[in-house]
Amino acid sequence: GPKVLQIPSHQIIDMGQMVTLNCDPVSNHLYFYWYKQILGQQMEFLVNFYNGKVMEKSKLFKDQFSVERPDGSYFTLKIQPTALEDSAVYFCASSLEGAGNTLYFGEGSRLIVV
Amino acid sequence: GDSVTQTEGPVTLSEGTSLTVNCSYETKQYPTLFWYVQYPGEGPQLLFKVPKANEKGSSRGFEATYNKEATSFHLQKASVQESDSAVYYCALSEGQGGSAKLIFGEGTKLTVSS
């Protein structure tokens, strides 16, 4: 099936440092998402992105978070500065259309903030 | 906002026995309903989805019926296999167009022993 690639697969970072998580979505998809999953817990929506803009963000999407997709390249999630509670697995997803459409997820980027 | 509630896990079954994972949802809309499966170290992947009330979805022996009156979408399988061991997420599609996103339940971890 369609593949979403995420880089890095895991990263350990000092609290207060910046981290950028990269996502290569399915090539013809137009809608992009980030979800956060703390170990053993549910998938929680962070943000969606369409036509170069953030469409909606959840309460978990703190001011320290930002997303962009410059010139159709990687869809990125940047956290600056990181905090201990940012430790989680971050999943990128993409879909061809919006409502009711299937989201295709990457394998996740495990972030550990120490 | 919309929400999804699932059978609390973990669930442990012997191979060949039947499975039911309950899923209830709350929404003011008419969402598409999804079952996703997540294997260790991977992102969630679509099991199947049902866009309309009173219709049934199925894949790999799993099935669920979109019950709008009961606001339920219970996952069932008549005879589970060891390879079915995974976390199962019920989800609904909330929002329209670029604001659409998936809202996930808590997930139900299934372990099948031989």
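Below, chains carry the letters A, B, ... as their sequence lines are ordered, and counting in each starts from 1.
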Is there a path of hydrophobic side-chain contacts, each under 4.5 Å between heavy atoms of I, L, V, M, F, W or Y residues, that connects A:V54 with A:Y31?
-> no
Please state whether the side chain, the backbone, both or neither of A:Q42 comes within less than 4.5 Å of a heavy atom of chain B.
-> both
In terms of heavy-atom pairs under 4.5 Å with chain A, the winner among B:G9, B:G1, B:G105, B:A91 is B:G105
Who wins among B:G107, B:P44, B:G95, B:G41 for the most heavy-atom pairs under 4.5 Å with chain A?
-> B:P44
CD of B:E26: more than 12 outside heavy atoms within 6.0 angstrom?
-> no
Closest heavy-atom contact between B:S93 and A:G100?
-> OG-N, 2.8 Å
Side chains of B:Q38 and A:F91: does their closest heavy-atom pair fall under 4.5 Å?
-> yes
A:T102 versus B:Y36: any side-chain heavy-atom pair under 4.5 Å?
-> yes
Check the hydrophobic clustering (I, L, V, M, F, W, Y; side-chain heavy atoms under 4.5 Å; chains of links allowed) and say if A:F75 and A:V26 are grouped together.
-> no
B:E8 CD: over 12 foreign heavy atoms closer than 6.0 Å = no
Does one hydrophobic cluster hold both B:Y89 and B:L110, with members joined at side-chain heavy-atom distances below 4.5 Å?
-> no
Step through the shown structure and confirm whether more than 12 heavy atoms of other residues, nucleotides or ligands are within 6.0 Å of CG on A:L84.
-> yes
Structural part of A:Q37 lying under 4.5 Å from a heavy atom of chain B = side chain
Turns out that what part of A:Y50 lies under 4.5 Å from chain B's heavy atoms comes down to side chain
Rounded to the nearest 0.5 Å, the CD atom of A:E44 sits from the CD1 atom of B:I103 at a distance of 10.0 Å
Are the aromatic ring centres of A:Y35 and B:F104 under 6.0 angstrom apart?
-> yes
Measure the shortest side-chain to side-chain distance between A:F105 and B:Q45 over non-hydrogen atoms and say whether it is less than 4.5 angstrom.
-> no
Inspect the surroundings of OH in B:Y39 and state if more than 12 heavy atoms from other residues, nucleotides or ligands are less than 6.0 Å away.
-> yes
hydrophobic_cluster_shared for B:L92 and B:L47, side chain cutoff 4.5 Å | yes
Against chain A, label B:L46 side chain, backbone, both or neither, depending on which of its atoms sit under 4.5 Å from a heavy atom there.
-> side chain
Measuring from B:K49:NZ to A:L103:CG, what's the distance to the nearest 0.5 Å?
-> 9.5 Å
Is A:L111 reachable from A:Y33 through a run of I, L, V, M, F, W or Y residues, each pair having side-chain heavy atoms under 4.5 Å apart?
-> no
